[in-house]
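The sequence lines fix the lettering, A, B, ..., with proteins before strands; numbering per chain opens at 1. Bear in mind the structure is a predicted one, so any value in this text is a computation, not a measurement.
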Number of protein chains: 4
Amino acid sequence: MPRSQEQYDEIRKQKKQLILDTALELFAENGFHATSMSQVAKKAGVSKGLAYNYFESKQEILDEIIKTGFDSIYSHFDLNQDGILSRDEFEHFIRNSFKAIGENRKFWKLYSAIIMQSDIAESMMEKYGDRSQTIMQMLNQFIKNMGSKDPEGDLMVISSLVKGALLVVISAPAFFPVKQLENKTTEACFRLITTK
Amino acid sequence: MPRSQEQYDEIRKQKKQLILDTALELFAENGFHATSMSQVAKKAGVSKGLAYNYFESKQEILDEIIKTGFDSIYSHFDLNQDGILSRDEFEHFIRNSFKAIGENRKFWKLYSAIIMQSDIAESMMEKYGDRSQTIMQMLNQFIKNMGSKDPEGDLMVISSLVKGALLVVISAPAFFPVKQLENKTTEACFRLITTK
Amino acid sequence: MPRSQEQYDEIRKQKKQLILDTALELFAENGFHATSMSQVAKKAGVSKGLAYNYFESKQEILDEIIKTGFDSIYSHFDLNQDGILSRDEFEHFIRNSFKAIGENRKFWKLYSAIIMQSDIAESMMEKYGDRSQTIMQMLNQFIKNMGSKDPEGDLMVISSLVKGALLVVISAPAFFPVKQLENKTTEACFRLITTK
Amino acid sequence: MPRSQEQYDEIRKQKKQLILDTALELFAENGFHATSMSQVAKKAGVSKGLAYNYFESKQEILDEIIKTGFDSIYSHFDLNQDGILSRDEFEHFIRNSFKAIGENRKFWKLYSAIIMQSDIAESMMEKYGDRSQTIMQMLNQFIKNMGSKDPEGDLMVISSLVKGALLVVISAPAFFPVKQLENKTTEACFRLITTK
DNA sequence: AATGAATGAGACTTCATTCAT
DNA sequence: TATGAATGAAGTCTCATTCAT
């Protein structure tokens, strides 16, 4: 008996996700350019032709991976939608970033490698630049609210610290004391706000 | 009559440097794998054949670029060779790192992109891993000497901060207030050492 | 619907053989190094890419050609597997060699050219040296059994004669009286055994 | 003081010979196509440019090597110029061939490899075919004079034997008992002439 | 939906040859 | 005479993509 439309859709969705996951794994491990579609198809257990049935091109696979990763990050960072960052929400944001990376280090390794290359970075800026700016503005406001004498400067230092710490987590070997780094970083963020 | 040995040496030296500079520019901009030798040769204004007259392979060009960049950094970090880091030397190290990156941002962009790719990163670890470790040990000792209650934790946070700040400089557009970031970062480093 | 496994296997088998045959022809005619993969592909009526779909490298094509040729020769030389060469078997061996060459002169021309080149010859010695030695030992025993006063010397002369005659057949133009050479050579082999 | 014309000529001659010798060595060892002009020039201790000062092309070097080798063989085979081969002259011819190969095995290895390739073989046939035929006719007459019942057949067998034996010498490792092979072959030649 | 044979552009690399000096 | 930097065609090989089945 033939399958229903829903079953077909479900199959399509699963196969597509399988290809995306496999591609992410290989791209992160060996780099986008050094990974061939043959490898992706083989490791995913599908034919090359099928992969092109789901995706227009290798580049489209990458785009979709990036988009999914971004969305997952920003959805975690929801902030009760009032546009204001409380102290708890800030801490939650920091800690949640560590958690997100720990849960999907492959993606972030790939992402880190990619934003270093201008051709890819540019197209990403077009797509995600706005959202990034919104976040920075909210952080700025938060630091002001905390009584900072130099909000702009503090924001630079704090975001540098967080970026650096996350980078360490991303590239660190598995046995790195991630939890300790998370604690020390969170705590340091508050200490770095220059109160009067 | 053929040219003298000196003349040939001079030609070789200049052309080799031209190719290295061109390759660095393109590698940094588009990535190592996405840059072809044809592009490098064309932009450098030489034939592909000549490029292979000076370098065994594309990989060797990359290796030479990396080696030169590393050496330039570590030579700046000389520390009067006594194996101990003074307060001034530490501050000089931080500030000099900002300066080095400002002077050769292309290289550091390339370097950052490269360490994210496992295939290339491994061979670099073999070559430069030792020197990195020495530096970390000296920093650890310095933080102890400054009276830290948690040297290991502080080192993690401080090196994260510096890494993050340098990363910001590397990927930031030209108009970023680098000097301010340098000052704030340096100052923050000292503040982050947890005294008893 | 995709083709069945059998259909794919059949396609692969035929295309692979086509490429092997074409390569043998060109290698034999112009030499291995002087023949390009483009020539092979063009003459076979396939793309270069397809050729590399079937063979890892140009060298692998040569290896497969050599292996096939060798196996076909040694399979003809079965000798009822008792390890002893009778008079009839000896004669059959000589005559069969002429026959084999006549049937596949291209291969033997290629083979002759190849064993003259040290780089290729070495890897062949590793693979086929053992079997050659076994044959020489059996021939030596045969000559002894025939009552030779100087088995070692006779073996040298006889194998030289056969080699030379086969070489003549290999390089001779088509109109050469091969059958006559075969008869005379076979007969001479027996006459050359120095009886007491 | 400038050198005289004779001195220049002498230098030219020596340099040219040096290049020829070096090329022969490398061609014989690695094959014509697998040897580059750079290798030849480097091993000869001259520049590439100079090599092209003496020879039009790589091919011309090969041609000259072949020509020199041939001439040296045929000059040894002088036969007192009366067009008739005596018994002693025949034996001398055989033994001299072994001697010639022993003295210049490199050349003969190269030569053997080359005649297997039709493109080169053809141009050689044009140049040296006549002389070869003359020799074959003289050998034919000699065998007749020796009382052969089947001069044509005997010639085929004898020339096969000699060719095969020489081939063995050419490709044999250094420790092969060449003198024994020479003796046995010479003796066998006479025994192979089918007397009535 | 699914397969993998097939293509062709383009990657890296080599090397015979030229030429300014 | 002599050099070696420089060229460009050609070689080996890879891989994203297409398409008949």
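D:Gln17 places no side-chain N or O within 3.5 Å of a backbone atom of D:Gln14 that could act as its donor or acceptor partner. For the pair D:Glu60 (side chain) and D:Glu56 (backbone), a donor-acceptor distance under 3.5 Å is present.
Taking for each of C:Arg3 and A:Lys58 the nucleotide of DNA chain F with the nearest heavy atom, the 5'-most of the two is the partner of A:Lys58. Where D:Ser47 and C:Ser36 each meet DNA chain F at their nearest nucleotide, the meeting point lying more 5' is that of D:Ser47. Nearer the 5' end of DNA chain E, as judged by each residue's closest nucleotide, is the contact made by C:Pro2, out of B:Tyr8 and C:Pro2. Along DNA chain E, the nucleotide nearest to B:Ser57 and the one nearest to C:Gly49 differ in position, and the one closer to the 5' end is contacted by C:Gly49.
Under the Watson-Crick or G-U wobble criterion, with both distances below 3.5 Å, F:dA20 is paired with E:dT3. Pair check for E:dG10 finds F:dC13; Watson-Crick or G-U wobble, both atom distances under 3.5 Å.
Contacts between chain C and DNA chain F, taken as any atom within less than 4.0 angstrom of a protein heavy atom, begin and end at F:dG11 to F:dT21.
Taking 4.0 angstrom as the limit, B:Tyr52 places none of its side-chain polar atoms (N or O) nearer than this to OP1 or OP2 of E:dT14.
The two residues D:Leu110 and D:Leu62 come nearest to each other via the heavy atoms CD2-CD1, 4.1 Å. Annotation for C:Arg3 and C:Tyr8: closest pair O-CE1, 3.4 Å, computed over non-hydrogen atoms. The two atoms that bring D:Ala28 and D:Lys106 nearest to each other are CB-O, 3.3 Å, heavy atoms only.
By the 4.0 Å N-to-carboxylate-O rule, A:Asp9 lies too far from A:Lys13 to be salt-bridged with it.
Atom-to-atom, CD of A:Gln7 to P of E:dA1 comes out at 15 Å; the value is rounded to the nearest Å. Per the geometry, NZ belonging to B:Lys42 stands 14 Å off C1' belonging to E:dG10, to the nearest Å. Between B:Phe32 atom CZ and E:dA11 atom P there is a gap of 14 Å when expressed in whole angstrom units. Atoms CZ (B:Phe55) and C1' (E:dT13) sit 15 Å apart, rounded to a whole Å. Rounded to an integer number of Å, the gap from B:Asn53 CG to E:dT14 P is 11 Å. Residue B:Lys48 contributes atom NZ, which lies 11 Å from atom C1' of E:dT14 at whole-angstrom precision.
Among the atoms of the strands shown, only primed sugar atoms or phosphate atoms (P, OP1, OP2) are found under 4.0 Å from some heavy atom of C:Ile11. Among the heavy atoms of the strands lying under 4.0 Å from C:Thr35 are primed sugar atoms or P, OP1, OP2 only; no base atom is included.
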Q: Start with the C-alpha gap between B:Thr68 and B:Phe107, add the side-chain angles, then the distance that decides, and say whether side-chain contact (heavy atoms from CB on, under 4.5 Å) holds.
A: CA-CA 10 Å; B:Thr68 305; B:Phe107 164 73; over 6 Å; no
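The side chain of A:Arg12 sits closest to E:dA1 out of E:dC12, E:dA1, E:dG4.
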